[in-house]
Amino acid sequence: MRYALIAALIAAPAISLAGPAEKTVEARQGYFKLLGANMGVLAGMAQGKVDYDADAAQTAADNMVVLSTYKLAPLFAPGTSSEDVKDTRALPAIWKDLPGVTAKASDFGAAARAMQDVAGKGKGEMAGALGALGGSCKGCHTAYRAE
């Protein structure tokens with residue numbers, strides 16, 4: 001117990017050194033991890049890596065729609081690009097092309113809603129909608145995310 005307390009006290013200053021920009025990046029990465037987790041469910045089923053499960057597919061699609069409605073502006077505060085903060089792949093192009101980013105976010109929302117409409121109706125229907133959903137993700141990755 002005493003050693004755990006000492007370890008916690010030693011680690012505390014390191015934890016508190018993260019500034020607002022780093023915290024914003026952490027929150028943004030958390031958002032995208034949620035998207036990735038739900039996309040992984042759908043992709044795994046479409047690729048046959050896991051059995052198709054209508055309820056799980058529908059839940060993943062529903063989650064992606066909810067996430068598509070999240071107000072992202074606070075997660076993309078100025079000063080949080082890959083040029084400003086370590087451990088982020090968000091390219092400065094995001095802040096130079098906000099109309100383009102907004103359009104791609106709208107495309108993602110439309111693709112997520114289309115997936116939501118069919119995810120629980122069968123593997124074929126779900127897999128058919130996956131291309132547009134994945135393409136909407138790739139559109140942002142290609143233009144606004146470093147390798």
Side-chain angles (χ1 to χ4, degrees), residues 4 7-121 123 125-147:
L9 290 173
I10 291 170
I15 293 168
S16 66
L17 292 177
E22 290 81 7
K23 293 294 185 186
T24 298
V25 168
E26 288 175 19
R28 181 169 66 223
Q29 290 170 342
Y31 170 81
F32 285 109
K33 284 179 183 175
L34 289 171
L35 283 177
N38 286 286
M39 185 65 148
V41 169
L42 299 169
M45 289 180 199
Q47 297 165 354
K49 293 179 180 177
V50 295
D51 291 337
Y52 173 76
D53 177 320
D55 291 334
Q58 191 64 56
T59 297
D62 292 346
N63 287 343
M64 293 191 83
V65 168
V66 169
L67 289 166
S68 76
T69 66
Y70 189 84
K71 303 296 181 201
L72 295 175
L75 299 181
F76 287 93
T80 63
S81 78
S82 59
E83 288 184 354
D84 305 306
V85 179
K86 182 179 164 187
D87 297 327
T88 181
R89 295 188 290 168
L91 292 173
I94 293 168
W95 291 267
K96 295 175 184 166
D97 183 23
L98 289 177
V101 172
T102 300
K104 289 187 184 308
S106 179
D107 293 346
F108 169 72
R113 289 186 301 278
M115 174 60 79
Q116 184 181 42
D117 290 342
V118 300
K121 294 181 179 175
K123 180 179 176 179
E125 292 86 345
M126 182 270 304
L130 191 61
L133 184 60
S136 71
C137 294
K138 187 178 187 315
C140 266
H141 291 185
T142 300
Y144 305 115
R145 185 177 83 164
E147 293 288 325

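All residue numbers refer to positions in the sequence shown, counting from 1.
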> Mind checking whether Arg89 and Glu147 have side chains closer than 4.5 Å, heavy atoms only?
no

> Who pairs with Asp84 by side-chain hydrogen bond (donor to acceptor under 3.5 Å, both in side chains), at least two apart in sequence or on another chain?
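Applying side-chain hydrogen bond (donor to acceptor under 3.5 Å, both in side chains) to Asp84 gives Ser81.
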
> Quick test of your reading: applying side chain to side chain donor-acceptor pair (under 3.5 Å), list the pairs with at least one residue in residues 95-115, sequence neighbours left out, ordered by first then second residue.
Asp97-Tyr144

> How would you list, by chain and number, every residue that makes a side-chain hydrogen bond (donor to acceptor under 3.5 Å, both in side chains) with Ser82, sequence neighbours excluded?
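Partners of Ser82 by the side-chain hydrogen bond (donor to acceptor under 3.5 Å, both in side chains) criterion come out as none, since no residue qualifies.
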
> Given 3.5 Å as the limit, does a donor-acceptor pair link the side chain of Thr59 with the main chain of Ala56, or not?
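No; zero donor-acceptor contacts below 3.5 Å.
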
> Over all heavy atoms of both residues, which pair between Ala143 and Ala93 is shortest? Give the atoms and the distance, please.
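Heavy atoms of Ala143 and Ala93 come nearest at O-CB, 4.1 Å.
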
> I'd like to check the side-chain hydrogen bond (donor to acceptor under 3.5 Å, both in side chains) partners of Ser136; sequence neighbours left out, ordered by chain and number.
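Ser136 satisfies side-chain hydrogen bond (donor to acceptor under 3.5 Å, both in side chains) with no residue once adjacent residues are dropped.
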
> Please find the pair of heavy atoms, one from Met115 and one from Met126, that lie closest to each other, and give the distance.
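Answer, listing the atom of Met115 first, then Met126: CE-O, 3.3 Å.
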
> Using side chain to side chain contact (heavy atoms under 4.5 Å, CB included), reason through Arg145 and Leu91 one step at a time and then give a plain yes or no.
CA-CA 5 Å; Arg145 185 177 83 164; Leu91 292 173; 5.6 Å; no

> Once ring-ring contact (aromatic ring centres under 6.0 Å, His included) is applied, what residue pairs with a partner in residues 49-69 remain, sequence neighbours excluded?
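Those involving residues 49-69 do not exist here.
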
> With sequence neighbours left out, write down each residue that passes side chain to side chain contact (heavy atoms under 4.5 Å, CB included) with Asp117, or none if nothing qualifies.
none

> Do Phe108 and Cys140 have side chains that approach each other closer than 4.5 Å (heavy atoms only, starting at C-beta)?
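Heavy-atom side-chain distance check fails, nothing below 4.5 Å.
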
> Can you give each donor-acceptor pair under 3.5 Å made by side-chain atoms of residues 29-47, sequence neighbours left out, with the distance rounded to 0.1 Å?
residue	atom	partner	partner atom	Å
Gln29	NE2	Asp87	O	2.7
Tyr31	OH	Leu67	O	2.8
Asn38	OD1	Asn63	ND2	3.0
Asn38	ND2	Leu34	O	2.8
Gln47	OE1	Lys49	NZ	3.2

> For the CD atom of Gln58 and the CD atom of Gln116, what is their distance to the nearest 0.5 Å?
6.0 Å

> Only counting residues at least two apart or in another chain, list the ones meeting side chain to side chain contact (heavy atoms under 4.5 Å, CB included) with Val66.
none

> Look at the side chain of Thr142 and the backbone N and O of Gly139, then say whether any donor-acceptor pair between them is shorter than 3.5 Å.
no

> Which heavy atom of Ala21 sits nearest a heavy atom of Val85, and at what distance?
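Heavy atoms of Ala21 and Val85 come nearest at CB-CG2, 3.8 Å.
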
> Shortest non-hydrogen contact from Leu98 to Ile94?
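Scanning both residues completely, I find the closest heavy atoms to be CD2-O, 3.3 Å.
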
> Answer whether the closest heavy-atom distance between the side chains of Phe76 and Val101 falls below 4.5 Å.
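When only atoms from C-beta onward are counted, Val101 and Phe76 do not touch, as no gap falls below 4.5 Å.
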
